[in-house]
*Asks:* 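What follows is a structure written as structure tokens; I'll ask about it next.
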Amino acid sequence: MPTNPSPPASLPFTGDPDADRLLASDPLALLVGFVLDQQVTIQTAFRAPLELGRRLGRFDAATIAGLDEAALVAAFSARPALHRFPAVMARRVGELARVVVERYGGDAGRIWTTAPDAAELERRLRDLPGIGPTKAKALLAVLVKRLGVRPPGWEAALPSYPTLGDVDTPEALAAYQASKRAARAAGRR
């Protein structure tokens, strides 16, 4: 599958240069950020993979999948907690890691590098624990627009609404978050 020859060195989702670099370089970190991106800020969700790696001593699917649930929950719950709901999200990240190990040999990037087309890639993303249809579309947009992943049919698969795939600067992130807040507020009226 053709990809952009020079993907970015970082994704501007956290404001932390190390976390932003990890998101661009480690497919599992990107997936974990998307799994955690609910009921916390984008910055909190996508900063968590870096901190989880620090707490565990390494960050890879086999390590996470091999931990017993109590150890993973403890890593998520240590102060400051990695998520508003650390136990639930620790379990979900553990499930994600096990799927990556079992289906993709521990290499999360294989989810997209081995997908024959965009429809199959989107299906694979939706099948991951914690990734529903909306997150799958947003993740697909990040892969295509930010990381240069170009499976056949990618043009038709992109969402028609703004997603994190449209965020290429800290200013774009702030604008994206403001538009989401405004949409939520309008929906409550």
Side-chain angles (χ1 to χ4, degrees), residues 1-8 10-11 13-14 19-40 42 45-50 52-53 58-67 69 72 76 82-83 88-168 176:
M1 162 183 333
T3 60
N4 183 340
S6 57
S10 67
L11 294 172
F13 297 169
T14 73
D20 288 344
R21 279 191 295 274
L22 182 65
L23 295 171
S25 65
D26 187 326
L28 181 63
L30 184 62
L31 292 175
V32 168
F34 267 93
V35 166
L36 298 177
D37 186 20
Q38 60 182 21
Q39 299 191 23
V40 295
I42 291 168
F46 286 93
R47 203 177 293 126
L50 179 66
L52 181 59
R58 57 185 299 142
F59 184 82
D60 61 75
T63 297
I64 295 168
L67 286 175
E69 185 177 299
L72 191 54
F76 265 77
L82 297 181
H83 195 276
V88 171
M89 291 303 170
R91 287 184 203 100
R92 193 162 293 151
V93 167
E95 292 169 9
L96 171 69
R98 284 187 290 282
V99 168
V100 168
V101 168
E102 292 165 8
R103 293 186 197 163
Y104 302 100
D107 180 357
R110 289 187 58 219
I111 295 167
W112 46 90
T113 61
T114 63
D117 56 40
E120 173 62 14
L121 172 54
E122 188 174 343
R123 186 199 62 73
R124 289 178 181 190
L125 295 172
R126 282 192 321 266
D127 284 350
L128 296 172
I131 306 288
T134 302
K135 284 186 182 183
K137 283 284 192 190
L139 183 49
L140 181 67
V142 170
L143 293 170
V144 169
K145 294 179 177 182
R146 301 280 70 89
L147 298 179
V149 175
R150 299 286 195 274
W154 66 268
E155 299 94 337
L158 286 177
S160 60
Y161 48 86
T163 69
L164 273 177
D166 299 305
V167 172
D168 58 355
Y176 173 72

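Every heavy atom of this structure was used, including side-chain atoms; hydrogens, water molecules and symmetry mates were not. Everything numeric in this text was worked out from a predicted model, so none of it was measured.
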*Asks:* Looking at every non-hydrogen atom in both residues, tell me the closest pair between A157 and A118 and how far apart they are.
*Replies:*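 Scanning both residues completely, I find the closest heavy atoms to be CB-CB, 3.7 Å.
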
*Asks:* Under the salt bridge (Lys or Arg N to Asp or Glu O under 4.0 Å) definition, can you give me all pairs with a residue in residues 24-36, not counting sequence neighbours?
*Replies:*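 For residues 24-36, and leaving out neighbouring residues, there are no salt bridge (Lys or Arg N to Asp or Glu O under 4.0 Å) pairs at all.
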
*Asks:* With I111 as reference, evaluate L128, L139, L143 under the side chain to side chain contact (heavy atoms under 4.5 Å, CB included) test and give the passing residue.
*Replies:* L128

*Asks:* Sequence neighbours left out, what passes side chain to side chain contact (heavy atoms under 4.5 Å, CB included) with T163? Give chain and number order.
*Replies:* A138, A141, P159, Y161, D166

*Asks:* Identify the heavy atoms of D60 and L28 that sit nearest to each other, and give their distance.
*Replies:* C-CD2, 3.6 Å

*Asks:* Any Lys/Arg nitrogen of R98 or E95 sitting under 4.0 Å from an Asp/Glu carboxylate oxygen of the other?
*Replies:* no

*Asks:* Taking ring-ring contact (aromatic ring centres under 6.0 Å, His included) as the definition, give me every residue that meets it alongside F76, ordered by chain and number, with sequence neighbours left out.
*Replies:* none

*Asks:* Taking only residues two or more places apart in sequence, or in another chain, which ones meet R126 in a salt bridge (charged side-chain N to carboxylate O under 4.0 Å, His left out)?
*Replies:*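 Salt bridge (charged side-chain N to carboxylate O under 4.0 Å, His left out) check on R126 returns E122.
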
*Asks:* Donor-acceptor pair, R21 side chain versus S10 backbone, under 3.5 Å?
*Replies:* no

*Asks:* How would you list, by chain and number, every residue that makes a side-chain hydrogen bond (donor to acceptor under 3.5 Å, both in side chains) with S25, sequence neighbours excluded?
*Replies:*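 For S25, no residue satisfies side-chain hydrogen bond (donor to acceptor under 3.5 Å, both in side chains) once neighbours in sequence are set aside.
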
*Asks:* Is it true that the side chains of T63 and R58 contain a donor and an acceptor less than 3.5 Å apart?
*Replies:* yes

*Asks:* List the residues meeting side chain to side chain contact (heavy atoms under 4.5 Å, CB included) with Q38, not counting sequence neighbours, and say none if there are none.
*Replies:* H83, M89, R92, K135

*Asks:* Taking all non-hydrogen atoms of both residues, which atom of T14 and which atom of R47 are closest, and how far apart?
*Replies:* O-NH2, 2.9 Å

*Asks:* Quick one: closest heavy-atom pair of P49 and A29, and the distance?
*Replies:*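 Distance-wise, the nearest heavy atoms are CG-O, 3.4 Å.
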
*Asks:* How far apart are the closest heavy atoms of D117 and P151, and which atoms are they?
*Replies:* C-CB, 3.7 Å

*Asks:* Please report the interatomic distance CG(L22) to CZ(F46), rounded to the nearest 0.5 Å.
*Replies:* 11.5 Å

